[in-house]
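Worksheet: one structure, shown below.
In this text the structure is predicted, and so the values were computed from the model without any measurement.
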Amino acid sequence: MFSLKGLCAAAGCLAVAGAALAQNPVPAPQAPSPAPLLRHTFEESEHGWTTMGGGAVRIAHEPADVHGGNAALQYDYTVTKGEASALLVSMPEGVPAGTKSVGLWLKCDVAAPLALMLQERDGARYVAGFTVPKGQWQEVRLGLGDFALSDMKDDPPDANGRLDIDQVVGLGLVDLGQWLVQADNADLLRMLHVVAGPRRLDVDDFELTSAPLPPAFRVSGAELRVEGFSRPQVSWMVLGDARAAAISGAPLTGRGVRLTYSQAPGNVAAMFRMIPQRLLAGVESIAFTAACTKPTRLLVQLEERGGGKYNALVEVPGGSAAQKVSVRLADMAPDNESKDNNGRLDPDQVKSIAIIDPTGIVGGGDGENSLWVGPPATQAGS
């Protein structure tokens with residue numbers, strides 16, 4: 001049987017992607033925005049967007065492939081072992097001064113976890129992940145606080161450990177499936193529902209703006225609150241047999257994410273995202289709201305930059321009743337299949353958080369389940 005080790009190794013592919021460079025989603029309410037500092041509509045050209053490592057781009061004019069105006073950028077690539085590519089745009093003179101957020105519209109012919117990378121002049125790479133539904137135009141909005149340093153083995157270091165937007169000279173977009181398919185583990189690929197073959201990604205209305213976005217995480221006292229659910233997209237990388245949607249309303253008290261999936265044997269549903277460097281320094285607990293249609297035991301996992309992983313199991317009672325989940329870092333147990341040089345969880349070294357329903361790989365479940373995750377709220381329980 002496949003173990004959680006492989007699942008978490010798959011999660012780590014997000015940083016590797018950075019190194020190389022839903023049903024009925026509900027749009028987030030948008031305040032009036034200032035004029036974009038830079039905008040690519042692809043009406044006249046590719047604006048310098050190109051591919052690295054394979055794939056091809058062209059300007060598409062078919063109405064179904066265009067979000068706004070009369071044209072969009074179309075990126076064709078293949079998910080196959082031994083091949084990987086990324087969609088890139090170089091900005092050697094730097095991004096416009098005052099840039100605080102990135103926006104674009106995407107449509108993929110499969111539901112896909114994607115990653116956007118910003119590269120600084122010194123080579124440091126910052127990555128933000130999200131998930132798009134199959135065959136629907138999805139607006140994506142990312143603030144600077146959504147990006148975390150990619151620190152895999154071959155990644156260049158960053159002297160100050162923070163994203164300096166005035167040093168960014170390029171952007172990249174990649175499909176995580178291209179890295180997952182490289183694994184020499186058929187069980188992993190089957191469990192994560194990674195299907196090899198050609199894919200198409202349409203890109204339109206790319207822009208850089210001066211509009212700041214609220215943070216994805218907020219430290220309140222000694223508690224880290226997971227709050228980044230105000231984006232129009234699902235701002236988590238979703239893996240496994242799960243359909244993801246950004247939602248608003250019951251059973252949550254506001255916006256959140258819903259995963260719908262089967263708990264059949266061999267299936268897993270997981271959502272994860274990277275955490276900005278040293279964000280958990282001084283943090284004693286992590287809080288969010290969760291609800292499930294079925295009683296479910298969720299695995300919350302933190303991974304350190306050195307590779308150590310720490311787990312906590314939380315019970316969600318079912319009946320679509322929302323409750324606040326609070327995980328004390330001191331209570332998290334080391335993952336038996338990971339290695340940590342000092343044998344303890346170091347909050348300031350945590351680089352990612354994952355929320356996983358492992359029922360399908362540990363036994364004890366079957367049929368459809370829905371999982372809602374949102375920011376912690378008093379109304380959702382203690």
Just how far is it from atom [atom1] of [X] to atom [atom2] of [Y], taken to the nearest 0.5 Å?
X	Y	atom1	atom2	value
Met91	Arg121	CE	CZ	12.5 Å
Asp65	Asp202	CG	CG	4.5 Å
Leu201	Asp76	CG	CG	9.5 Å
Cys108	Lys134	SG	NZ	10.0 Å
Met52	Leu87	CE	CG	10.5 Å
Glu303	Lys309	CD	NZ	4.5 Å

Look at atom [atom1] of [X] and say whether more than 12 heavy atoms of other residues, nucleotides or ligands are closer to it than 6.0 Å.
X	atom1	answer
Asn341	CG	no
Arg297	CZ	no
Glu62	CD	yes

Practice task
Applying salt bridge (charged side-chain N to carboxylate O under 4.0 Å, His left out), run through Arg344 and Glu304 and close with a yes or a no.
Solution key: CA-CA 10 Å; Arg344 68 171 185 268; Glu304 295 181 348; over 6 Å; no
Exercise for the section: Would you mind checking if Asp109 and Arg200 are paired as a salt bridge, meaning a charged N to carboxylate O distance below 4.0 Å? Expected result: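 Here Arg200 does not pair with Asp109 in a salt bridge, since their nearest N and O are not under 4.0 Å apart.
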Exercise for the section: Output yes when Glu207 and Arg141 qualify as a salt bridge under the 4.0 Å nitrogen-oxygen rule, no when they do not. Expected result: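 A salt bridge is present here (some side-chain N lies under 4.0 Å from a carboxylate O).
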Exercise for the section: Begin with the C-alpha distance, continue with both residues' side-chain angles, and end with the deciding distance and a verdict on ring-ring contact (aromatic ring centres under 6.0 Å, His included) for Trp49 and Phe206. Expected result: CA-CA 11 Å; Trp49 289 80; Phe206 168 84; 5.2 Å; yes
State, without any angle test, whether [X] and [Y] hold a side-chain donor-acceptor pair at a distance under 3.5 Å.
X	Y	value
Asn369	Thr296	yes
Arg58	Gln74	yes
Tyr75	Ser85	yes
Ser370	Thr293	no
Asp158	Tyr126	yes

Tell me the closest heavy-atom pair linking [X] and [Y], and the distance in Å.
X	Y	answer
Ala322	Thr289	CB-CG2, 3.9 Å
Ala246	Arg255	CB-NH2, 3.7 Å
Gln138	Pro232	NE2-O, 3.1 Å
Leu213	Gly143	CD1-N, 3.4 Å

Handout entry: Residues forming a side chain to side chain contact (heavy atoms under 4.5 Å, CB included) with Pro96, sequence neighbours excluded
Key =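 With sequence neighbours excluded, Pro96 shows a side chain to side chain contact (heavy atoms under 4.5 Å, CB included) to Leu37, Leu38, Thr99, Leu208, given in chain and number order.
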Practice task
With sequence neighbours excluded, tell me which residues meet side chain to side chain contact (heavy atoms under 4.5 Å, CB included) with Thr50.
Solution key: none
Exercise for the section: For a side chain to side chain donor-acceptor pair (under 3.5 Å) with Tyr261, tell me which candidate from Asn267, Asp241, Asp357 qualifies. Expected result: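 Only one of Asn267, Asp241, Asp357 forms a side chain to side chain donor-acceptor pair (under 3.5 Å) with Tyr261, namely Asp357.
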Practice task
For the residue pair Phe229 and Trp236, categorise the inter-ring angle as parallel (less than 30°), tilted (30 to 60°) or perpendicular (more than 60°).
Solution key: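 Parallel, since the angle between the ring planes stays under 30°.
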